[in-house]
Amino acid sequence: MLAVALFSFNKTRHGLSWGGFTLGWYARLAQDPAILEAARNTFLLAGVSTLLATLLGTLFALGLERHPFAPRVRAFLEDILHLPVVTPDLILAAALVVAFGFLRAVSSLFEPGFLPMVIGHVTFQVAFVALVVMSRLRSLPKELDEAARDLYATYPDYLRRVLLPLLTPGIVAGAMLAFTLSLDDFVISFFTAGPTSQTLPLIIYASTRRGITPEIHAVSTLVFSLTLVLVLLGERLTRRSA
């Protein structure tokens, strides 16, 4: 990655020889309509899917940890929760293609494009958000529930004033992790994208097949830097919550 970042500032367009320092390749990225559209699609997809996954993952974690499920039901739900984490992306993407194939018989909304991409990303993001929030929930003493009820707090008040503020570090860390996973995802995006919903990972893959250029080094460096910052922030929030 250091080599990729270094050659994103190299004046030489082809080869590995150093031709001097330049910021021209980053300036060309700002004028490339295909790159700009892909960047817009990437961040829109990551933002929408992260919001949905954070909401659903937090609700899943609260339900699983606070509802008195039977042991077998709880074990079954936990297995489902871990399924997107341990399933290879290629298998999950192929399964999504089959599922969307059936859904297209019901509605044309499920044609390859933005909506299937959002659904596909949320499918695996939910599990990561729920696991992070559940780890935070398990660190909170259950006596908090009893103390809040002793002080005549209704459940909405307890949720708003006690539980959610304490869960905020875990929710934010889970959201950052989900955003990072969506930002970098290639396999599921490749299987569900339409002609007008190309993302930066897809653009990078298509460009490298024609030969690696300094523009590819530049956009790869930007994506990697942003991902690294989000991962470090998420890790710091997780450590603080612990």
Side-chain angles (χ1 to χ4, degrees), residues 1 39-67 69 74-75 77-89 92-93 117-145 147-148 155-189 199-201 220-242:
M1 290 309 304
R40 181 185 65 82
N41 292 338
T42 300
F43 287 102
L44 182 61
L45 172 63
V48 173
S49 61
T50 297
L51 287 175
L52 294 174
T54 302
L55 175 62
L56 295 175
T58 302
L59 291 175
F60 193 100
L62 286 172
L64 194 59
E65 284 298 309
R66 290 296 187 258
H67 187 78
F69 287 109
R74 180 181 297 275
L77 292 175
E78 289 183 352
D79 289 342
I80 292 178
L81 179 62
H82 286 85
L83 196 59
V85 178
V86 300
T87 302
D89 288 347
L92 181 59
M117 292 177 76
V118 170
I119 296 174
H121 282 221
V122 170
T123 300
F124 68 85
Q125 286 174 305
V126 165
F128 290 93
V129 174
L131 289 172
V132 174
V133 176
M134 281 175 59
S135 66
R136 176 62 175 166
L137 266 172
R138 289 172 180 172
S139 68
L140 301 178
K142 292 186 178 180
E143 289 77 12
L144 287 174
D145 299 14
Y155 188 76
D157 288 335
Y158 165 68
L159 192 65
R160 179 170 56 90
R161 297 188 177 187
V162 180
L163 191 57
L164 285 181
L166 292 173
L167 287 179
T168 297
I171 294 174
V172 174
M176 286 185 174
L177 179 59
F179 186 85
T180 301
L181 292 171
S182 175
L183 196 68
D184 284 347
D185 178 76
F186 169 76
V187 177
I188 293 177
S189 297
T199 61
L200 285 176
S220 300
T221 301
L222 291 175
V223 172
F224 175 76
S225 300
L226 179 60
T227 303
L228 183 61
V229 169
L230 291 176
V231 169
L232 292 176
L233 287 175
E235 183 181 1
R236 184 173 182 180
L237 285 171
T238 303
R239 288 182 178 180
R240 182 178 297 178
S241 66

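Heavy atoms only: backbone and side chains are in, while hydrogens, waters and symmetry mates are out.
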For this session: Might you work through the side-chain contact (heavy atoms from CB on, under 4.5 Å) test for Leu92 and Val187, ending with a clear yes or no?
Result: CA-CA 9 Å; Leu92 181 59; Val187 177; over 6 Å; no
Mind checking the [atom1]-[atom2] spacing from [X] to [Y]? Nearest 0.5 Å is all I need.
X      : Y      : atom1 : atom2 : result
Leu233 : Leu228 : CG    : CG    : 9.5 Å
Thr227 : Leu222 : OG1   : CG    : 10.5 Å
Phe60  : Ile80  : CZ    : CD1   : 6.5 Å
Thr54  : Phe128 : OG1   : CZ    : 13.5 Å
Leu83  : Thr123 : CG    : OG1   : 11.0 Å
Phe124 : Thr87  : CZ    : OG1   : 12.5 Å

Is any side-chain heavy atom of [X] closer than 4.5 Å to a side-chain heavy atom of [Y]?
X      : Y      : answer
Thr42  : Leu183 : yes
Leu167 : Leu62  : yes
Leu163 : Leu137 : yes
Thr199 : Asp185 : no
Leu45  : Ser182 : yes
Leu81  : Met134 : yes

For this session: Quick one: closest heavy-atom pair of Val118 and Ser49, and the distance?
Result: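 Shortest heavy-atom contact: O-CB, 4.2 Å.
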Exercise. What is the minimum heavy-atom distance between Gly63 and Phe69, and which atoms define it?
Worked result: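 The pair with the smallest heavy-atom distance is O-CE1, 3.3 Å.
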For this session: For the residue pair His121 and Ser189, confirm or rule out a side-chain donor-acceptor distance under 3.5 Å.
Result: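 Their side chains do contain a donor-acceptor pair, which is all the 3.5 Å distance test asks for.
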Exercise. Taking everything shown except Arg161 itself, do over 12 heavy atoms lie less than 6.0 Å from its CZ?
Worked result: no
Problem set entry | Any donor-acceptor N/O pair, Arg136 side chain to Thr168 backbone, under 3.5 Å | no
Exercise. Can Phe43 and Leu226 be said to form a side-chain contact (heavy atoms from CB on, under 4.5 Å), step by step?
Worked result: CA-CA 11 Å; Phe43 287 102; Leu226 179 60; 3.3 Å; yes
